[in-house]
Student: 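Quick one: this structure, given as structure tokens, is what I'll be asking you about.
For the single chain, residues carry numbers from 1 onward in sequence order. Not measured: the values here are computed from a predicted model.
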Amino acid sequence: MPSNPVAATVASLMPRAKEELTELVAFRSVADFGQFPREESAGAARWIADALTAEGFQDVALLDTPDGTQSVYGYLPGPEGAKTVLLYAHYDVQPPLDEAGWATPPFQLTERDGRWYGRGAADCKGGVIMHLLALRALKADGGVPVHVKVIVEGSEEQGTGGLERYAEDHPALLAADTIVIGDAGNFRVGLPTVTSTLRGMTLVRVRIDTLEGNLHSGQFGGAAPDALAALVRVLDSLRAEDGSTTVDGLSGDGAWDGLQYDDAQFRKDAKVLDGVELIGSGTVADRIWARPAVTVLGIDCPPVVGATPSVQASARALISLRVPPGVDAAEATRLLRAHLETHTPWGAQVSTEQIGQGQAFRADTTSPAYQAMAEAMADAYPGQEMQYAGQGGSIPLCNTLAALYPKAEILLIGLSEPEAQIHAVNESVSPDELERLSVTEALFLRNYASGAS
């Protein structure tokens, strides 16, 4: 790949990048301290702080955010009068889920079939390494031409909003002319992509109660109202016959007019089983980027193993609703809660509780920073032009930063392409993508500085 000094430097640094990502992945930094020790997250934060210090960053700090986690901050001064660019990533990760389902240990970076496997390898510890590689390449080739701020969040996956609230309380800290969010990904490996929209999200917990206590199903079943059956009916009401999301009062007919997602490719990326249909209507891009999507994340009910012949008195579920750009997440939350309450059958007692919420995001792709990124991607991916895609996931911090710094340009890139299987077992990162995107980011910073001057 190397065709210029920046690319050559990044290529020479890839063995070091693998060693560093191995060290970072080894921290079991799940920001749910009921499941994983707080010290694992603290260790990852310290590792990043030490790495920034070693690269000459000033004001390196572990920021205690209101949700009880830590974000890592550092500032690298550039030439006088230069623009300021904020680079974002997060070091917290999703739980490994079923560790037995991993081909190799989830917190041990392992190379297999040309990819590096491990929880957080792509989402988003790899993003931390990407930022470091880009800055090192620039330092080796004349210096970093902009002021750089780095912020690495410690609770993005939990959606608890610690960094958002910290930023609101300290608005000058993350102020920048341009913000690069390193937590997205290419549409597919080898196709340079910026994410121009993000769906928002809301999390709602619903509880249904019908009896003072469980009852013998032989003695009372058939007349006694079953809370679990009532919950099943409520959850079923959230989908039309074709699987489309149906929340009373919430529009579900949005259309995506950018890069399209082939049905067969989506089936392959999503690993849909043979004979199983995709759900919803419209194009795949409509469904995952421009329309609401409900998912039942968990249900509290007796497991099959050890279940007794009982009519259930109480049942709970946690529901996620992804909210497309243009829809207010708070209003979507209100509609979802009202829907759940309205569709609860048999006069059962129902309560709903909002657990988390984040607004959708739409970038201004006409800004100078996007031109600088397009040129950088064309150089790092010869023969390819930058594409615009949506992302079904949510990064609540984007809207916080957009509100705090309305003149800042915000770009989303990263390592979470479909083969990465983020949040699932056997998450991995493509080292080729890590290399090319590190080159991309370095060239972007140089292009942006040149254009700004």
Student: Are the aromatic ring centres of Y73 and F57 under 6.0 angstrom apart?
Tutor: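 Not under 6.0 Å, so no.
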Student: Tell me if a side-chain donor or acceptor on H90 pairs with a main-chain N or O of S155 at a distance below 3.5 Å.
Tutor: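 Judged by distance alone, no pair lies under 3.5 Å.
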Student: Using the rule given for salt bridge (charged side-chain N to carboxylate O under 4.0 Å, His left out), can you reason through E417 versus R436, listing the C-alpha separation, both sets of side-chain angles and the distance that settles it, and then say yes or no?
Tutor: CA-CA 13 Å; E417 38 76 25; R436 289 185 184 276; over 6 Å; no
Student: Check whether the side chains of E409 and S367 place a donor and an acceptor atom closer than 3.5 Å, and report yes or no.
Tutor: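 Side-chain D/A pair, E409 to S367: present.
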Student: Is it true that E433 and Y381 share a donor-acceptor pair across their side chains at a distance under 3.5 Å?
Tutor: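 Y381 vs E433: donor-acceptor pair found between side chains.
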Student: Cationic tip of R112 within the cone over Y117's six-membered ring, i.e. under 6.0 Å and within 45° of the normal?
Tutor: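 Checked: cation-pi criterion met.
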Student: Say whether Y448 and T178, considering side chains only, have a donor N or O and an acceptor N or O under 3.5 Å apart.
Tutor: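 Judged by distance alone, the side chains do pair up.
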Student: Can you find a side-chain donor-acceptor pair between T202 and Q354 that sits under 3.5 Å?
Tutor: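 No, no side-chain donor-acceptor contact under 3.5 Å.
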Student: Between R119 (side chain) and E427 (backbone), is there a donor-acceptor pair under 3.5 Å?
Tutor: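 Side chain of R119 to backbone of E427: no pair is present.
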Student: Is there a side-chain contact between V72 and V128 in this structure, where contact means two heavy atoms from C-beta onward sitting under 4.5 Å apart?
Tutor: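 With C-beta onward as the side chain, the pair stays apart.
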Student: Does the side chain of S430 pick up a donor-acceptor pair with the side chain of D432 at under 3.5 Å?
Tutor: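 Checked: S430/D432 side chains show no N/O donor-acceptor pair below 3.5 Å.
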Student: May I ask you to decide if D183's main-chain N or O and D123's side chain share a donor-acceptor pair within less than 3.5 Å?
Tutor: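 Side chain of D123 to backbone of D183: no pair is present.
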